[in-house]
Amino acid sequence: MKLIEVFNRDLNTSLKHNSKDTDAFRLQVDLILKSLVERLSDKEKVIVIGAGKMKDFSATFFVQSFDEVILTDIDMISVNESVNDLNISEKDKKKITKIRIEYTGFEKNSFFKDFKERIINCRTFEKIDQVITSKLDGLDNYHFLKDYQNSGDLVYVSPIYTQLVYNQVLRECSILRENGYPEHMIKYIENIMLDKMVHIIDKFNENIISSLKDDGYLLVISDVLQLDNKSDFYLRVKNGIRSHEVMEEIYTGYKDKHGIGIGDYGLLNLDEKLKSHLSRWLIWPFDESTSFVVKLKIYKKDLNK
């Protein structure tokens with residue numbers, strides 16, 4: 001497996017936590033999906049971005065509702081295992097199309113292949129800039145789902161923004177740190193790559209939108225806040241999660257204190273490109289000690305833009 005695939009495979013493998021809370025989260029998502037699918041004029045294709053282990057939605061519902069279910073991810077081992085575990089007929093399994101996609105172009109550019117080896121020889125910020133610029137060359141022209149342009153009646157995006165390469169950059173930097181690379185240089189790399197995420201997410205969103213029919217719907221779930229399940233903040237969120245106004249107030253306070261993150265920016269970028277039709281806050285249980293506050297949003301193309 002290639003480096004980005006290995007990283008995401010490890011990430012998906014860590015998602016082993018099953019509980020009543022996990023089932024409750026998936027049920028909430030499924031109820032919103034069912035209401036949305038009832039409004040669709042066509043139900044030919046649903047495209048799933050970041051299918052993985054499919055713990056956040058019911059793949060069976062998609063198979064029952066659409067003529068074709070396109071499951072995309074870089075980690076096809078997890079997707080294949082999850083499809084094999086579905087309680088559906090062989091006929092229904094034939095509705096499923098599985099496509100391996102690396103969503104950023106970093107794999108095509110072999111970004112991580114010799115990243116540490118080239119960086120460790122850099123002794124100035126200018127040299128670091130040169131390496132990163134060469135690694136990112138051509139990504140403006142990177143496209144995925146080219147065979148599915150303007151074809152999705154529904155495009156479903158799992159919580160994926162925070163998985164788009166930046167955490168892998170941080171892991172590479174931690175290895176550089178362990179090998180004695182200067183801390184101020186590492187911080188520079190982390191900061192410059194965080195700045196680059198703005199453009200990477202913008203391009204990712206453009207690719208998603210291009211696969212959406214003009215009258216189709218885009219449903220996106222983004223992890224915005226990480227919670228310690230034993231913290232007072234978790235209790236505050238848990239008590240306020242059913243009220244959109246309360247959660248918006250909690251989120252605004254958190255954002256004013258800590259700034260916006262990658263998960264926030266993914267949605268803010270979509271807000272600029274599409275019409276928002278629904279916004280919901282949910283708690284996504286990750287494991288026994290950690291949960292995420294996620295925002296679910298439904299969009300349509302703004303054909304007047």
Side-chain angles (χ1 to χ4, degrees), residues 1-15 50 52 74-75 102-142 159-205 222-228 231 233 254-269 286-287 289-294:
M1 287 190 284
K2 298 183 180 179
L3 292 172
I4 298 177
E5 182 179 352
V6 170
F7 181 83
N8 282 271
R9 170 65 178 158
D10 291 345
L11 193 63
N12 283 326
T13 302
S14 70
L15 298 173
I74 190 173
D75 174 18
E102 194 285 299
Y103 299 109
T104 64
F106 273 49
E107 182 180 79
K108 181 181 178 182
N109 277 26
S110 300
F111 185 94
F112 293 108
K113 185 178 180 181
D114 58 353
F115 178 76
K116 294 186 297 295
E117 291 79 4
R118 291 183 63 182
I119 288 293
I120 210 159
N121 293 315
C122 296
R123 295 300 165 188
T124 65
F125 294 149
E126 183 182 8
K127 290 293 184 182
I128 289 174
D129 288 341
Q130 290 174 2
V131 169
I132 291 177
T133 298
S134 69
K135 288 283 188 180
L136 298 178
D137 184 49
L139 290 189
D140 284 349
N141 300 317
Y142 183 69
I160 194 174
Y161 289 111
T162 54
Q163 297 180 35
L164 294 176
V165 302
Y166 188 66
N167 278 328
Q168 193 167 356
V169 169
L170 294 181
R171 188 172 76 169
E172 296 289 289
C173 285
S174 70
I175 295 171
L176 288 168
R177 188 175 284 113
E178 290 169 4
N179 284 277
Y181 195 65
E183 183 64 24
H184 70 287
M185 306 287 272
I186 292 172
K187 289 295 184 185
Y188 181 77
I189 296 167
E190 292 174 346
N191 289 334
I192 196 172
M193 287 304 300
L194 187 58
D195 289 341
K196 299 292 186 185
M197 288 304 299
V198 170
H199 187 67
I200 290 165
I201 288 173
D202 182 67
K203 185 64 181 177
F204 172 76
N205 282 344
S222 183
D223 48 319
V224 175
L225 305 175
Q226 183 173 334
L227 303 174
D228 177 350
S231 68
F233 188 56
Y254 184 92
K255 183 178 62 175
D256 290 345
K257 184 176 180 180
H258 300 283
I260 67 168
I262 291 173
D264 310 64
Y265 181 74
L267 295 177
L268 290 171
N269 183 262
F286 183 75
D287 56 31
S289 61
T290 305
S291 297
F292 289 95
V293 178
V294 304

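All of these numbers come straight from a predicted model, not from anything done at the bench. The analysis underlying the following values was restricted to heavy atoms, covering all of them including side chains, and did not include hydrogens, waters or symmetry mates.
T133 OG1 to I192 CD1: the interatomic distance, rounded to the nearest 0.5 Å, is 6.5 Å. Atom CG of N269 is separated from atom CD1 of I201 by 7.5 Å, given to the nearest 0.5 angstrom. Taken to the nearest 0.5 Å, the CD1 atom of I74 stands 9.0 Å off from the OH atom of Y103. Between K196 atom NZ and K135 atom NZ the span is 14.5 Å, to the nearest 0.5 Å. Here CD1 of I120 is found 12.5 Å from CG of D114. Values are rounded to the nearest 0.5 Å. Of the inter-residue distances, the one linking I200 atom CD1 with Y166 atom OH reads 10.5 Å to the nearest 0.5 angstrom.
The shortest heavy-atom contact between E102 and Y142 is O-OH, 2.5 Å. Here the closest non-hydrogen pair linking I119 and Y181 is O-OH, 3.1 Å. Nearest heavy atom pair, residue V165 against residue T104, reads CG1-OG1, 3.5 Å. Considering all non-hydrogen atoms of both residues, G263 and S222 come closest at O-OG, 2.8 Å. Summarising the geometry of K116 relative to E172, their closest heavy-atom pair is NZ-OE1, 2.9 Å, with the distance given to 0.1 Å. The two residues I132 and F115 come nearest to each other via the heavy atoms CG1-CE1, 4.5 Å.
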Passes side chain to side chain contact (heavy atoms under 4.5 Å, CB included), V293 versus L227? Steps please. CA-CA 7 Å; V293 178; L227 303 174; 3.4 Å; yes

Using the rule given for side chain to side chain contact (heavy atoms under 4.5 Å, CB included), can you reason through V224 versus Y161, listing the C-alpha separation, both sets of side-chain angles and the distance that settles it, and then say yes or no? CA-CA 10 Å; V224 175; Y161 289 111; over 6 Å; no

Pair L194, I262 - check side chain to side chain contact (heavy atoms under 4.5 Å, CB included), show working. CA-CA 8 Å; L194 187 58; I262 291 173; 4.1 Å; yes

Tell me, with the steps shown, if V169 and F112 meet side chain to side chain contact (heavy atoms under 4.5 Å, CB included). CA-CA 8 Å; V169 169; F112 293 108; 3.9 Å; yes

Could you walk me through whether D202 and Y265 pass the side chain to side chain donor-acceptor pair (under 3.5 Å) check? CA-CA 9 Å; D202 182 67; Y265 181 74; 5.1 Å; no

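The environment of CD in E117 is crowded: more than 12 heavy-atom neighbours from other residues, nucleotides or ligands sit within 6.0 Å. Within a 6.0 Å sphere centred on NZ of K203, other residues, nucleotides and ligands contribute more than 12 heavy atoms. Applying the 6.0 Å contact sphere to NZ of K255 captures more than 12 heavy atoms from other residues, nucleotides or ligands.
With a 4.5 Å cut-off on side-chain heavy atoms, L170 and M193 do not count as touching. Contact annotation: the side chain of M197 never approaches that of F204 to less than 4.5 Å [non-hydrogen atoms, C-beta and beyond].
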